Amino acid sequence: MFQNARIGIVLSTGFTPGEPTSPYRYNDLKGCPSGYNSIYCSPTVISTDDLKKAINDIPFYGGNNNDIALSMNISLTGDYNGFPAFYEIFGDKIFNGYGDRSSVPNAMIVISGADSSNVTQASNLLKLAGIQVFSIGFEDLPISQLHAISGKPSRAFSTSPENLANTIRKICTGDFEDFSTITSTPSTLTSTTKAITIPTTTVATTATTKPSTTTTTKPPTTTVDSRPFTPLNCSGAMDLVFVIDVCSTTEENLNLVKSQLEYAIKQNGIKWESTDNNTARLGIILSATSFADGVTTPYRYLDFQGRQTSPYQYPKLVTRTIHLKQVFRDIAFDLGTNNIGLSMNYSINGDYANPDLPFGDPIFGSEGDRPNVPNAMIVITGADTSNVTIPSALLRNSNVDIYSIGFEDVSMAHLQAISGNPAKAFLTTRVNLANTIKNICAGYLNDVPTTTPSPTTTTSTPVPSTTTTTVQPQPFIPLNCSGAMDLVFVIDVCSTTEENLNLVKSQLEYAIKQNGIKWESTDNNTARLGIILSATSFADGVTTPYRYLDFQGRQTSPYQYPKLVTRTIHLKQVFRDIAFDLGTNNIGLSMNYSINGDYANPDLPFGDPIFGSEGDRPNVPNAMIVITGADTSNVTIPSALLRNSNVDIYSIGFEDVSMAHLQAISGNPAKAFLTTRVNLANTISNICAGFLNE
């Protein structure tokens, strides 16, 4: 009896079109249908045939929005209050409730379409309860959300509805030969799948899927290309073509892509030296519309011989890495219709038909393409509706390895059609583009998150085990970013430039949205933030750490009237209002003031400490995130004081501060991050999600 499975099913649904989500208890581990009294229920699912019928009978209700986070969380907590507008009561929790066998491992499979709920906290709670979470999503769910749901990228799968049964079979059997994402062993999965969260606001993706088909369902042809994966030799010899969409976006977005591409050259050690055949040769094709007729004209911007041409510039010759960086800076924005399929086709077939701007010879297979060097292509695109299947097949049949990277306005299905291999298709954000390319160079395909990557892929530092062995990491409890936390930011505002500080401010504001951080003075289950600015506010140049915001919501500044923060919208404005200052950074003193306060400065006293003073809630964990550039202050003593007072410290630094100093700030190498300013929000997301350097 105990060798059989027990399946719980939670439906993420509303009960009529337009109504909010009310997670619905469709079946629990005792075999009982909906109803909050599981003790006295009469089970209706007592056999495999009953289970098949229950799955086949799942109704489509509609609803206003999918809420996977709420549906995951309720499996652990239960609910007896109900949700507007019908106040349908979910009832007792499913995990650790009636029917949950204590000696049998617990697991959850989440099957979802589009969802934007904050799933991080729910995923962490499930992990802390010892529950393995697997996520399966379709083309309208970003891979980043799938990773956040499962809490472990190797358990996240982006597929198609018709391949759902096959994906579940692979999870259950450990047969992962077509998925480079799974590392779990079959023995732990054969009878552990116990709770499934299914959205019914996304039109029935599983209602007609019958388990009996799992033994005959085969992967669709879009998942072919089972050749072993060879990482790109990014720091050595490779012949790589970038296809870049420069017309389906805005000029601001394109500038961000260009800066990320330039950073990727440095991050991955990509070199072009015409006198060294062991360095890279890059081609660049721009998917652009260069004339008023609006017809897409893929443009041969750079070829393997180093010839850079453009309608807007004189021809140039690339012979060194420094020239290559300038090539990316010189890319121009263009209006028109994106056509990735045509651009890919020109790379291998060329074109002389366009009388105004002929593409010319193909890049692959022409002069400059080295015969003994592997060929690869990285496609970077926004919205695109072109036919990419044929050129993708042509390129792969010619031994060109294709990777696709897309943003929020292109579907995962289209990216997979471009690459011809789901493991080589990435849905991410523009600020994370360089890290995604780094994943490709390192051989981390879908094993590595793309919008919330683990610190070892988002930073430029080695794994902690190779950098230090002197500090033992403490057990890690993720920050409750979407709930109650008392968090102090210490921000260096004087060792940088005003432009860099503005980038930090915008990233901090984005991190609030990205991690569901809320401040509502009427809700004690939301966050309270303090902010200390490491600044020099007077002409004497002496550092004066400034108490910019405290846990009571009091915002003060030498440059503004005092304000009171009571809502999240105010908190966002607080970050926008931070002012640049000249002077010497002193992180150690700023950290010290957070716990000891200061009244010694006659001109601008810091006042009471933030930790331990009014507004610091006794039952809410304390944490600090230090964001800094160059700093030579003594941080060891204040770090120890804070950690001895149960303050969890994280440090984030940029190119002008050493990893050793960041580790001294945090007191734990796993909580120290060296990154870039454009990746700050993602690094904070890593901290919130629990992806540390461990």
Side-chain angles (χ1 to χ4, degrees), residues 114 116 139-144 158 240-264 282-302 310-312 327-347 351 354 356-357 359 363 377-392 395 402-420 424-437 440 450-451 510 678:
S116 57
E139 71 280 352
D140 48 358
L141 184 66
I143 195 73
S144 58
S158 185
L240 170 67
V241 169
F242 280 101
V243 174
I244 305 172
D245 160 24
V246 297
C247 62
S248 78
T249 181
T250 64
E251 190 164 11
E252 181 182 8
N253 281 341
L254 180 61
N255 287 337
L256 183 52
V257 166
K258 288 158 56 177
S259 67
Q260 286 280 298
L261 285 167
E262 185 181 348
Y263 182 66
L282 268 62
I284 300 176
I285 299 172
L286 305 181
S287 180
T289 303
S290 301
F291 296 98
D293 58 12
V295 178
T296 301
T297 310
Y299 194 74
R300 179 198 193 91
Y301 183 64
L302 181 69
S310 167
Y312 311 108
V327 165
F328 286 111
R329 295 185 202 123
D330 290 344
I331 292 174
F333 173 66
D334 214 329
L335 297 171
T337 304
N338 186 23
N339 193 323
I340 294 297
L342 190 61
S343 302
M344 293 171 71
N345 181 63
Y346 279 11
S347 74
D351 169 72
N354 188 315
D356 297 308
L357 197 65
F359 184 90
I363 295 182
M377 172 180 281
I378 296 179
V379 176
I380 300 169
T381 186
D384 176 58
T385 57
S386 66
N387 188 333
V388 296
T389 307
I390 295 174
S392 174
L395 285 159
I402 310 173
Y403 304 84
S404 56
I405 304 174
F407 308 123
E408 69 283 346
D409 47 358
V410 63
S411 71
M412 176 54 83
H414 194 64
L415 292 174
Q416 291 174 349
I418 291 171
S419 67
K424 296 177 180 176
F426 298 82
L427 199 54
T428 186
T429 59
R430 291 175 178 86
V431 296
N432 197 44
L433 175 60
N435 285 319
T436 307
I437 293 172
I440 292 170
T450 54
T451 61
Y510 183 65
V678 296

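Computation of the quantities below employed the complete heavy-atom set of this structure, encompassing side-chain atoms and omitting hydrogens, waters and symmetry-equivalent molecules. Only a predicted model underlies this, so the values are computations on that prediction, with no experimental measurement involved.
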Do [X] and [Y] have side chains that get closer than 4.5 Å, going by heavy atoms?
{"X": "I405", "Y": "I440", "result": "yes"}
{"X": "Q416", "Y": "S158", "result": "yes"}
{"X": "F407", "Y": "V257", "result": "yes"}
{"X": "V379", "Y": "V388", "result": "no"}

Going by the rule side-chain hydrogen bond (donor to acceptor under 3.5 Å, both in side chains), which residues pair with [X] if we only count those two or more places apart in sequence or in a different chain?
{"X": "S347", "answer": "none"}
{"X": "S411", "answer": "none"}
{"X": "T249", "answer": "N253"}

Test of understanding: with side chain to side chain contact (heavy atoms under 4.5 Å, CB included), list the residues that count as partners of [X], not counting sequence neighbours.
{"X": "N345", "value": "N349, P391, L394"}
{"X": "E408", "value": "R430"}
{"X": "A264", "value": "N268, A434, I437"}
{"X": "S404", "value": "L415, I418, S419, A425"}

How would you list, by chain and number, every residue that makes a ring pair (Phe, Tyr, Trp, His ring centres under 6.0 Å) with F328, sequence neighbours excluded?
-> F242
Spatial distance of atom [atom1] ([X]) from atom [atom2] ([Y]) [nearest 0.5 Å]:
{"X": "T297", "Y": "Y346", "atom1": "OG1", "atom2": "OH", "result": "7.5 Å"}
{"X": "E251", "Y": "L256", "atom1": "CD", "atom2": "CG", "result": "13.0 Å"}
{"X": "F359", "Y": "D351", "atom1": "CZ", "atom2": "CG", "result": "8.5 Å"}
{"X": "H414", "Y": "T385", "atom1": "NE2", "atom2": "OG1", "result": "7.0 Å"}
{"X": "L427", "Y": "L141", "atom1": "CG", "atom2": "CG", "result": "9.0 Å"}
{"X": "N339", "Y": "N387", "atom1": "CG", "atom2": "CG", "result": "9.5 Å"}

Do N338 and T381 have a side chain donor and acceptor closer than 3.5 Å?
-> yes
Non-hydrogen atoms of [X] and [Y] that approach each other most closely:
{"X": "I285", "Y": "P298", "answer": "CG2-CB, 4.2 Å"}
{"X": "S392", "Y": "I402", "answer": "O-CD1, 3.6 Å"}
{"X": "Q260", "Y": "V678", "answer": "NE2-CG2, 2.8 Å"}

Kindly say whether C247 contributes a backbone atom to a donor-acceptor pair with the side chain of D245 at under 3.5 angstrom?
-> yes
Under 3.5 Å: donor-acceptor pair, side chain of Y403, backbone of F426 | no
Can you list every pair that meets salt bridge (Lys or Arg N to Asp or Glu O under 4.0 Å) and has a residue in residues 377-391, with sequence neighbours left out?
-> none
Given N255 and K258, is the side chain to side chain contact (heavy atoms under 4.5 Å, CB included) satisfied, shown in steps?
-> CA-CA 5 Å; N255 287 337; K258 288 158 56 177; 3.5 Å; yes
